[in-house]
Trainee: 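Sharing a structure, written as structure tokens. Questions coming.
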Amino acid sequence: MSAVTWSSIATDGAARTGWLETPHGVVRTPTFMPVGTRAAVKAVDSADLASVGAEIVLANVYHLMLKPGAELVARIGGLHEFMSWGGPLLTDSGGYQIFSLDPEIDEEGATFKSVYDGSRVHLSPEEAVGVQARLGPDIAMVLDVCVGLPAPVEEVEAEMRRTLRWAERCLQAHQQDDQGLFGIVQGGVDSDLRAESARETAALGFAGFGIGGLSVGEPADQRNSALEAAVRELPADKPRYVMGLGDTDGLLDAIMRGADMFDCVLPTRLARHGKALSSNGDFNLNNLRFEADDSPVDSSCSCHTCSTYSKAYLRHLIRMKELSAHRLLSIHNLHYTFQLIAGAGTAIEEGRFADYVKEVRITRAEGSA
RNA sequence: GUGGCCGUAGCUCAGCCUGGUAGAGCACCUGGUUGUGGUCCAGGAUGUCGCGGGUUCAAGUCCCGUCGGUCACC
């Protein structure tokens, strides 16, 4: 019996809703995981996360192994204790940093430059598993190689194969029976490579599957077909996690194709830059037209920010670079994202997911027109 | 009163010596950001060059006057 399991509640076409069971609690899927790279979701705290509807939070191996270090977190009692988050946690392995920080990669592992002092840091598949054993999240990810798109198909194929070899090594090294390990599907936007990667990764037998290497510059239709190709080869009774995806259209597209879990910096990063997500279409609160707008960011939103503050006030906070602007807009953007996802779950259960998607898109388009 | 310095974009200023399509930074107005470096990038709008006169083909720039600010000295 794996530490992490998933069971279906209902399906509607390819879309599905279910329960993800972890050592630290049960999560309703589809779900969104706010990104707390350094054991902190920027600008908000664990009480804020609970208030916006977060059930599972993400943190990052590469960043935490540098500061404060996995040993220190372990000594304090693990990541849950350290960050005072009692619910489920997932840690990303550092695979994305292989993509974004341009390290040297060989078959053994990757060598990065520390973002803190420039020193060389080594990370192998086994080390990534070891760090995650000490951090103690409910779900650990294998170390994968994510390729930026567009890229030559030879490169995409080579790194997909390397990811498979590394996945086997991660599985070998993984000893934690109180922690689920997820494999990661790669293969760019090539359907054959995606299918092969999914099939081979599934055959290794993980508790769940990340679908990585998407939302890295490819058009939406290519992303969607790559996702379909991967999902076709993945077991129906295991969770599917589309890594790094978090815009409204992308989430709906992916849920429609059978994805269960997501994470993305977008809601919180946009918040720090003054951009608001809204059921009536997203907008930039910096815009002059909100200078004297005394209405809330989203009149149909029940979050702390929308029930307390006006657009005019939030715009003022943003322009004055008040720190509270980051928190208040992050709370709203996260709440918006959870509302969207929860609405999708309910719609799937009631067998009206297609109508839900249509409704969300029409309301957003009309509002921004 | 005398002498020096200053007056150019909303702000701080460069350009003046050596005349040749008025500039920078910030601010302002937009857009971008997807397994996070609270950034960064891209685009845009903005002028009575204090005012008046003179020289010149041509003056923000040179000359004369004048107004305002500022400092020093009487």
Side-chain angles (χ1 to χ4, degrees), chain A residues 32-44 56-64 66-67 89-102 112-118 128 132 137 139-149 163 182-186 208-220 223 227 240-251 253-254 259 261-275 277 282-291 315 317-330 333-334 337 368:
Chain A
F32 178 80
M33 301 180 283
V35 180
T37 302
R38 299 191 273 195
V41 177
K42 292 180 189 295
V44 302
I56 171 169
V57 176
L58 182 145
N60 183 278
V61 162
Y62 165 80
H63 289 276
L64 291 175
L66 296 180
K67 278 182 193 295
L89 286 172
L90 179 149
T91 48
D92 184 29
S93 58
Y96 189 72
Q97 281 62 41
I98 292 179
F99 158 61
S100 64
L101 298 177
D102 193 32
F112 302 83
K113 253 169 50 176
S114 164
V115 293
Y116 298 102
D117 60 13
Q132 293 179 96
I139 299 171
M141 302 300 297
V142 301
L143 185 66
D144 65 326
V145 185
C146 181
V147 177
L149 299 175
T163 296
F182 280 24
I184 299 178
V185 177
Q186 286 289 343
F209 300 91
I211 297 167
L214 295 177
S215 310
V216 288
E218 76 288 355
R223 178 171 71 218
L227 184 54
R240 304 152 182 167
Y241 159 30
V242 178
M243 307 180 77
L245 180 69
D247 66 289
T248 299
D249 281 320
L251 289 171
D253 280 343
M261 303 166 66
F262 307 92
D263 80 280
C264 193
V265 304
L266 210 58
T268 45
R269 176 180 290 166
L270 290 180
R272 294 193 303 279
H273 298 170
K275 306 269 176 80
L277 306 178
D282 307 336
F283 55 86
N284 188 345
L285 263 173
N286 279 293
N287 288 358
L288 186 58
R289 66 182 195 271
F290 303 118
E291 184 178 41
R315 179 176 189 272
L317 296 181
I318 291 163
R319 313 220 103 211
M320 294 304 102
K321 301 189 189 303
E322 287 292 339
L323 297 179
S324 58
H326 293 324
R327 172 171 173 257
L328 294 172
L329 248 196
S330 292
N333 282 353
L334 287 171
T337 304
S368 52

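Letters A, B, ... are given to chains in the order of the sequence lines, protein chains preceding strands, and every chain is numbered from 1.
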Trainee: When we call it a touch if two heavy atoms are under 4.0 Å apart, what does A/Arg319 touch: a base, just sugar-phosphate, or nothing?
Mentor: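 The residue A/Arg319 makes sugar-phosphate contact but no base contact.
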Trainee: Whole angstrom is fine here: how far is it from NZ in A/Lys275 over to C1' in B/G31?
Mentor: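 The distance from NZ of A/Lys275 to C1' of B/G31 comes to 7 Å, rounded to the nearest Å.
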Trainee: Measuring from the side chain of A/His63 (C-beta onward, heavy atoms only), which nucleotide among B/G31, B/G37, B/C29 has the closest atom?
Mentor: B/G37
Trainee: Please state how far atom CG in A/Asn333 lies from atom C1' in B/G38, giving the value in whole angstrom units.
Mentor: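 Computing the A/Asn333:CG to B/G38:C1' distance gives 15 Å.
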Trainee: Quote, to the nearest angstrom, the C1' distance that separates B/G68 from B/G15.
Mentor: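 23 Å, rounded to whole Å.
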Trainee: Between A/Asp263 and A/Gly244, is there a donor-acceptor pair closer than 3.5 Å when you use the side chain of the first and the backbone of the second?
Mentor: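 Looks like yes, one N/O pair under 3.5 Å.
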Trainee: Toward the 5' end of RNA chain B, which comes first, A/Gly212 or A/His326, by nearest nucleotide?
Mentor: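 Its nearest nucleotide being more 5', the pick is A/Gly212.
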Trainee: Tell which nucleotide pairs with B/G65, taking only Watson-Crick or G-U wobble pairs whose two distances are both under 3.5 angstrom.
Mentor: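 Pairing partner, where one exists within any strand: B/C51.
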Trainee: Can you tell me, in whole Å, how much space there is between the C1' of B/G54 and that of B/A9?
Mentor: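 Straight-line distance between the two C1' atoms is 29 Å.
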Trainee: Using the C1' atom on both, measure B/C57 against B/C41 and round to a whole Å.
Mentor: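 Their C1' atoms lie roughly 45 Å apart.
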Trainee: Could you check which of B/U30, B/G38, B/U34 has an atom nearest any side-chain atom of A/Leu323?
Mentor: B/G38
Trainee: With C1' as the reference atom in both, quote the distance from B/A14 to B/U8 in angstrom, rounded to an integer.
Mentor: 10 Å
Trainee: Would you say that A/Thr268 contacts A/Lys42 through its side chain, given a criterion of any heavy-atom pair below 4.5 Å between the two side chains?
Mentor: no
Trainee: In whole angstrom, what separates A/Tyr62's OH from B/G37's P?
Mentor: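 Distance, rounded to whole Å: 9 Å.
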Trainee: Would you kindly give the CG-to-P distance between A/Asp247 and B/U34, to the nearest whole Å?
Mentor: 10 Å
Trainee: Would you indicate which nucleotide in B/U39, B/U30, B/G35 comes nearest to any side-chain atom of A/Asp92?
Mentor: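 So the nucleotide nearest the side chain must be B/G35.
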Trainee: Would you indicate, yes or no, if B/G38 has its OP1 or OP2 atom less than 4.0 angstrom from a side-chain nitrogen or oxygen of A/Lys42?
Mentor: yes
Trainee: Using atom CG of A/Leu227 as one end and atom P of B/U34 as the other, report the distance to the nearest whole Å.
Mentor: 18 Å
Trainee: Looking only at atom P, what distance separates B/A59 and B/C49, rounded to whole Å?
Mentor: 13 Å
Trainee: Report which part of the nucleic acid A/Glu218 touches: base, sugar-phosphate, or nothing (heavy-atom distance under 4.0 Å, all strands).
Mentor: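 Since no nucleic acid heavy atom lies under 4.0 Å of A/Glu218, the category is nothing.
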Trainee: When you compare B/A27 with B/C13, how far apart are their C1' atoms, in angstrom units rounded to a whole number?
Mentor: 14 Å
Trainee: Looking at B/G31, I'd like to know if its phosphate oxygens (OP1 or OP2) sit under 4.0 Å from a side-chain N or O belonging to A/Asn284.
Mentor: yes
Trainee: Have a look at A/Asp144 and say if it touches a base, only the backbone sugar-phosphate, or nothing, with a 4.0 Å heavy-atom cut-off.
Mentor: base
Trainee: Given that both distances must come in under 3.5 Å, which nucleotide forms a Watson-Crick or G-U wobble pair with B/A72?
Mentor: B/U2
Trainee: Tell me whether the side-chain N/O atoms of A/Asn60 come closer than 4.0 Å to OP1 or OP2 in B/U36.
Mentor: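 Yes, within the criterion.
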Trainee: Say we look at B/A24 and B/G47: how far apart would their C1' atoms be, to the nearest angstrom?
Mentor: 15 Å
Trainee: Taking A/Asn287's backbone N and O only, do any of them form a donor-acceptor pair with A/Arg315's side chain (distance below 3.5 Å, no angle check)?
Mentor: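 Indeed, once roles are kept as given, a pair shorter than 3.5 Å links the two residues.
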Trainee: Donor-acceptor check, side chain of A/Gln132 to backbone of A/Met141, threshold 3.5 angstrom: yes or no?
Mentor: yes
Trainee: Of all the nucleotides listed (B/G31, B/U34, B/U33), which has the minimum atom distance to the side chain of A/Ser215?
Mentor: B/U34
Trainee: Measure CG/A/Leu334 against P/B/U36 and give the value in whole Å, please.
Mentor: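 Rounding to the nearest Å, CG of A/Leu334 and P of B/U36 are 15 Å apart.
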Trainee: For A/Phe290 and A/Phe283, take the angle between the two ring planes, folded into 0 to 90°, and tell me which bin it lands in: parallel under 30, tilted 30 to 60, perpendicular over 60.
Mentor: tilted
Trainee: Using the C1' atom in both, what is the distance from B/C29 to B/G10, to the nearest Å?
Mentor: 13 Å
Trainee: Between the base of B/U36 and the side chain of A/Arg272, is there a donor and acceptor pair under 3.5 angstrom?
Mentor: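 Yes, a donor-acceptor pair under 3.5 Å.
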Trainee: Does A/Ala140 offer a backbone N or O that forms a donor-acceptor pair with the side chain of A/Thr91 under 3.5 Å?
Mentor: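 No: the side chain of A/Thr91 does not pair with the backbone of A/Ala140.
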Trainee: What is the nucleic acid contact for A/Gly94, judged by heavy atoms within less than 4.0 Å: base, sugar-phosphate only, or nothing?
Mentor: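 Nothing, no nucleic acid heavy atom in range.
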Trainee: Just how far, in rounded Å, is P of B/G31 from CG of A/Leu288?
Mentor: 12 Å
Trainee: Consider only side-chain N and O atoms of A/Tyr62 and A/Asp92, and report whether a donor and an acceptor are under 3.5 Å apart.
Mentor: no
Trainee: So A/Ser100, base contact, sugar-phosphate only, or nothing? Heavy-atom distance under 4.0 Å.
Mentor: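 No contact at all - A/Ser100 keeps every heavy atom at 4.0 Å or more from the nucleic acid.
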Trainee: Taking the side chain of A/Leu58 as heavy atoms from C-beta outward, which of B/C29, B/U33, B/G35 is closest to it?
Mentor: B/G35
Trainee: Suppose we define a pair by two distances each less than 3.5 Å, Watson-Crick or G-U wobble; what does B/G23 pair with here?
Mentor: B/C13
Trainee: Searching all strands shown, indicate the nucleotide that pairs with B/U30 (Watson-Crick or G-U wobble; both distances under 3.5 Å).
Mentor: B/A42
Trainee: Is the shortest heavy-atom distance from the side chain of A/Phe112 to the side chain of A/Leu66 under 4.5 Å?
Mentor: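 Side-chain contact under 4.5 Å: no.
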Trainee: Rounded to the Å, how far apart are A/Arg240 CZ and B/G35 P?
Mentor: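 The answer, rounded to whole Å, is 22 Å.
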